[in-house]
> 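After the structure tokens below, expect a handful of questions from me.
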Amino acid sequence: MWLDCDVGHDDAMALILAASSPHLKLLGVSSVYGNSSVENTTANAIRVIQAAGIKGVKVYKGAAKPLVKNRVYASDIHGSSGLDGTDLLPDPDMSTYLAQDENAVNAMHRTIMASPEPVSLAAVGPLTNIALLLSIYPEVIPRIKTLAIMGGSMGIGNTTSAAEFNIYSDPEAAHIVLHSGISHIALVPLDVTHTVLATKQIIKRIQDEVAVPKFARLITDLLLYFGSTYKDVFGEKEGAPLHDPVAVAYLFMRNVFTERHIRIDIDCNEGHGRGRTFCDVYKKTMEPANCWLVTSVELEPFWNQMFRRQEIANSSGPSVASGSSAISNPTINNGQQIDSSLIIGNPLGEDGGVASPESQGGGDVFANVVGGSFTEVNSNSANKDNIVANSHTTTFNGDSGETVNGDLNNIGDSQQVVTFRRRLMDRRDNVPNSGMNSGGAAFSF
Ligand code: BDR
Ligand code: CA
């Protein structure tokens, strides 16, 4: 998938979710003006990527202004930087993470055309980049699998009484996108995202469940700031609506959404209605449907994904990157066995997969196991120096015959590993508990 965003507090969460979900492969990130200037939103995307330890993803700078009218920024909600409220974000490393020679539109075009599979997009800022992409390179249209948009409203707006911010920012772009002929467009409107509130209870869960304290503080700093501006501007007392990750979640957990396939048009006129999304639920226009309008999302599965992903996000990149001969992010398919003498990082287990680092020399690191359904995880080094660390997967739930074999006596004592051990011990009474011995493998938390 590709993420087009104007980072932004909720965009930051969307980026973390997109980069670390085992169900998605994030091919690239494009920035657009919106919550702040495109210079700021580009830098913010990079700062979040660095803070979350996301590897192998570049940021491509996009549009600085809408197609036709003047831009608006949302500094009342997101602060003057677009991502105010924490001192934990690093300075942006532009030379590493910003694509120097290619803009957002060309990068999306290149990526979509080069992909052997159709590519999904999540657009969580003004739709200017996407409209330009579809206008300049219409050949991408049949190659787009799903376009999930955070934007619009069935009811009242948040920027004018009629219009939501992303659509209001560039209604002409939204019109182009909605009438482009992309076969699957989903609109996640305010009416839905306003049910996804980062309440006090949610923030407490993040503090309790996100294993790296600094990362938990970064997330909660951002959510608390976002909540405080929502309270000041909108009188919303319960917490900030986490708009943008809901559109990303739609791409991989559509089963927890309700939706209707309807006609949606954009008001591009001057006046009070500009930027309004006309949702023709009762088919009054008799025009063909062009969009899946999301009408609700189940909260518990959504938040469970957010927490898992936030926890993994902060550890996966660096831990894999530090090893030589690392195999990162493999998908282990049904019946397949992957052997490695060094590191397997972030394997995604598919049905019946078996992951077995089989080093003779020891020093295996088998880290950040994510995903659903390994039947077995073996860590059988001859000198018993393996580590199975930081794994969050149903593999270990012990309730359907899965096994975790090998050298769990070498689970280390870093914060991440302790978290894993506690979880594992909750589930298996007999897991031994001893100190860290990485056997020389490169590994860092
Ligand atoms: C949308 O506007 C922005 O401020 C948020 O990031 C979100 O994409 C909500 O109206
Ligand atoms: Ca946004």
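Counting begins at 1 with the first residue of the sequence. As the structure lists them, so they are numbered: ligands from 1, and atoms in each ligand from 1.
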> Please report whether ligand 1 has a polar contact with D10, defined as an N or O pair separated by less than 3.5 Å (distance criterion only).
yes
> Within a radius below 3.0 Å of the Ca ion (ligand 2), how many protein N, O or S atoms are present?
5
> Would you say V124 and ligand 1 have an N/O pair spaced under 3.5 Å apart?
yes
> Is there a nitrogen or oxygen of H243 sitting under 3.5 Å from a nitrogen or oxygen of ligand 1?
no
> Evaluating non-hydrogen atoms only, which member of T159, V7, N35 is closest to atom 4 (O) of ligand 1?
N35
> Would you mind telling me which of L26, D11, L3 makes a side chain to side chain contact (heavy atoms under 4.5 Å, CB included) with V248?
L3
> Passes ring pair (Phe, Tyr, Trp, His ring centres under 6.0 Å), F226 versus H78? Steps please.
CA-CA 7 Å; F226 200 30; H78 298 274; 5.1 Å; yes
> Mark up the atoms of ligand 1 that fall under 4.0 Å of a heavy atom belonging to N158, in ascending order.
9 (C), 10 (O)
> Tell me, with the steps shown, if E102 and K58 meet side chain to side chain contact (heavy atoms under 4.5 Å, CB included).
CA-CA 11 Å; E102 194 174 24; K58 288 247 182 218; over 6 Å; no
> If we set the cut-off at 4.0 Å for heavy atoms, which region of D11 has an atom near ligand 1: side chain, backbone, both, or neither?
side chain
> Side-chain donor-acceptor pair under 3.5 Å between N106 and Y137, yes or no?
yes
> Check the side chains of N269 and R276 for a donor-acceptor pair under 3.5 angstrom, ignoring hydrogens and angles.
no
